[in-house]
Amino acid sequence: MSDQALTNKKTRAINLTTAVLLVLPLVALGFVIALFIRTGGGLHLEAPVPVEALTIERTILKPGSIDIVVRNASPQALTIAQVVINNAVWPFTADPATTIPRLSKGVVHLEYPWVHGEAYAATLFTSNAIPFNVEIPVAFTTPQPTTSTFLSLTLIGVYVGVIPVYLGLVWFPVLRKLGRRWMTFLMAVTAGLLVFLGLDTLAEALELANAVPSPLQGIGLVGIGAVATFFLLDAISRRQAAQERSEAEQRLSLAYMIATGIGLHNLGEGLAIGAAYNVGEIALGTFLVVGFIIQNITEGLAIIAPLLRDRPSIRQLALLGLVGGAPAIVGAWIGGFAPSPTLAVLFLAIGTGAVFEVVYEIAKLIQKDTNRQPMPMTVFSGVLAGMLMLWVTGLLIK
Amino acid sequence: MNKTISRRQFLKGGALGLLGAAGFAALGQNVLKTSAAPFGLDNHDGHGGHGAMPTTVGEVDHERNGFNPSDLLTDFDYGEVSTLENGQTLREYRITSVNKSIEVVPGIEYPAWTYNGRIPGPTIRCTEGDRIRIHFTNGSSHPHTMHFHGVHPAEMDGVPSTGPGVIQPGGHFTYEFDAEPFGLHLYHCHAFPLARHIAKGLYGAFIIDPKNGRPPADREFVMVMSGFDVDFDDANDFYAVNAIPFHYDKHPIQIHVGEKVRLYLVNILEFDLINSFHLHANFFNYYPTGTSLQPSEFTDNIMQTQAQRGILEFSYRYPGLYMFHAHNTEFAELGWTGNFEVLP
């Protein structure tokens with residue numbers, strides 16, 4: 001009894017010490033910060049002019065008016081004092097107010113007789129005379145969420161995402177007749193395709209990260225999104241593997257993971273297309289749609305690659321195609337109606353993590369095969385072929 | 001203002017980088033080939049806002065600025081007058097340069113440099129042959145001078161290389177010379193870098209009347225054309241007469257039908273090569289530099305480069321509201337626009 005009490009006491013004592021030790025640096029930190037704020041810490045940090053940053057999120061053109069959606073990315077509130085558009089000082093109203101708190105959004109409204117197809121440049125002057133430039137390279141009425149634009153965006157998503165993926169799935173019966181070595185080759189091709197897509201998605205995410213308001217740290221968001229997705233999918237796959245299911249089931253779930261990764265990639269593509277459509281940038285030429293169909297048909301191939309030894313139902317295949325292709329439609333909607341660089345960066349980052357995790361899963365599967373029968377040149381040529389496939393079909397688009 | 005939009009560059013991928021994602025960097029090239037109208041969108045223009053006109057939002061705080069352009073129009077400074085032993089009229093002026101924050105357009109304060117706290121500086125007015133004494137004190141934190149256009153000895157020229165040179169902060173100098181020739185002139189700071197010292201606000205009109213005066217006029221106004229480069233990129237962001245953009249647009253200058261108006265117009269606009277003055281629904285007699293009593297031109301539009309100036313004379317036949325503005329329309333839409341309200 002006394003022994004136990006002693007232990008308890010000891011534990012509690014340790015806990016108390018631990019707590020104090022834990023809190024002590026924080027208390028000290030608070031003290032240092034307070035001291036620094038009060039005295040300036042011996043540094044002269046007063047800026048001659050406040051640092052101001054304003055992110056232009058989007059412009060909305062309606063007949064006779066232009067709305068400029070901005071976000072205040074400065075360390076403090078910011079006031080829009082005057083607006084100049086195409087070298088004319090123009091009256092404006094601001095919603096909710098000309099003064100925008102840090103990280104808040106504001107809409108600058110101009111009653112302006114813009115002309116279809118012409119270019120406009122506006123300058124927003126803050127009260128500290130800091131100019132922020134807004135460009136409208138090609139003016140045209142911003143698509144509103146009407147039935148017809150909704151349908152247009154859906155169609156774009158179907159062409160670019162859904163149709164190619166399903167076309168790829170049609171190869172399934174033929175590919176089933178291939179021997180083991182060829183199937184491994186196809187898996188390697190899939191890995192190559194995905195590495196290429198992953199790099200592409202990552203590059204887009206990093207590029208777009210520059211457009212994210214600086215306090216939201218676009219590059220950091222890319223890292224968080226990609227790494228978190230990678231490890232989340234990895235954890236899910238390990239848990240499933242631990243449930244001792246059949247290899248066929250594992251292969252099916254891998255197919256779903258591939259479809260998910262590709263789906264997220266296509267969501268990113270849809271976002272870009274929708275956003276481009278939104279600014280009148282996109283007159284999707286026939287040539288271009290054809291290019292996308294050819295490039296994305298390889299994605300269908302990638303989805304079915306792990307299933308060639310099994311007999312998935314038509315329903316399963318249909319569902320896989322949907323998971324891989326349909327996100328392009330959702331992406332087009334989001335990009336078309338509510339483009340936000342921050343959201344796009346997150347989606348692209350998630351896509352990056354997902355795609356690379358799937359490459360890792362495929363690598364494990366190939367490892368199983370090559371453990372039975374080493375075929376190094378098959379894997380090498382497969383991965384290379386996969387990457388080259390996307391590079392060559394990419395020539396059609398870029 | 002020089003804002004160019006590279007549409008081509010944009011179409012080549014500038015904004016697409018912003019919108020980003022796989023495979024879209026080249027979409028724009030296609031736009032060049034095909035129509036700019038995408039999928040089932042109506043082609044109509046953005047017309048509808050035609051009623052709106054360029055103007056600033058709000059009103060500057062004239063009281064805090066310390067001057068109101070409506071008052072500057074007729075604010076002629078004849079100096080402290082006395083007579084010298086030789087019978088010559090002496091006019092003495094006290095001018096101090098000061099750093100001053102001026103609200104040039106509503107909501108935007110410009111860290112200006114001024115003569116006597118106003119832009120333009122005092123309109124110095126005298127008669128040909130008068131003795132002029134300008135007691136200049138540099139009350140600012142930068143070296144300045146006063147350089148007068150006119151005829152005077154080198155040491156009174158107000159440039160860094162002659163006479164007292166630049167007047168240091170806290171320093172003092174009296175510029176003294178005889179007023180000649182008659183005409184409309186100007187003065188400005190001549191410290192270097194010159195463009196910045198002028199653009200910051202150190203300038204004013206300098207009127208020397210002929211010995212026997214000009215023919216009588218009912219109204220006399222002074223207008224100094226200039227601009228403000230509020231973001232310091234050596235390009236003007238706003239333009240105006242008597243400093244405040246759109247002031248006479250919002251507060252028209254009231255005159256009457258048949259009144260003879262004499263307008264002393266000076267251009268001190270920095271960064272841009274020329275400025276101009278266009279009068280609506282009327283013509284005026286133009287006296288370049290005011291050095292002749294005979295007009296050189298009967299017109300409704302004149303052009304002035306920096307430091308060019310001239311006198312305009314006109315009267316209105318019909319009542320109503322009449323614009324006057326730079327016919328460099330860019331300047332007009334960036335602030336250099338006003339109205340005469342002609343009353344019956």
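Residue numbers start from 1 in every chain, and the chains themselves are labelled A, B, ... in the order their sequence lines are given, proteins ahead of strands. The model shown is predicted, which means the values in this text are computed figures rather than measured ones.
- In summary, the side chains of B:Ser140 and B:Asn138 do present a donor paired with an acceptor at a separation below 3.5 Å, with no hydrogens or angles considered.
- Only one option out of B:Tyr248, B:Phe324, B:Tyr322 pairs with B:Phe340 in a ring pair (Phe, Tyr, Trp, His ring centres under 6.0 Å); it is B:Phe324.
- The line from CG of B:Asn236 to OG of B:Ser226 is 8.0 Å long, rounded to the nearest 0.5 Å.
- Taken from CD in B:Glu270 to CG in B:Asn267, the straight-line distance is 10.0 Å, to the nearest 0.5 Å.
- The OG1 atom of B:Thr55 sits 11.5 Å away from atom CD of B:Glu333, with the distance rounded to the nearest 0.5 Å.
- Contact of A:Ser127 with chain B is made through backbone and side chain together, with heavy-atom distances under 4.5 Å.
- Of the listed residues (B:Val230, B:Val104, B:Ile108), the one with the most heavy-atom contacts under 4.5 Å to chain A is B:Ile108.
- Looking at B:Tyr110, neither its backbone nor its side chain comes within 4.5 Å of chain A, counting heavy atoms on both sides.
- Across all their heavy atoms, B:Leu269 and B:Gln306 have their closest contact at O-NE2, 3.3 Å.
- The interface of residues 57-72 of chain B with chain A, defined by heavy-atom distances below 4.5 Å, comprises B:Val57.
- A side chain to side chain donor-acceptor pair (under 3.5 Å) with A:Thr123 holds for exactly one of A:Asn87, A:Asn133, A:Asn86; it is A:Asn133.
- Proximity to chain B is absent for every atom of A:Thr98, based on heavy atoms less than 4.5 angstrom apart.
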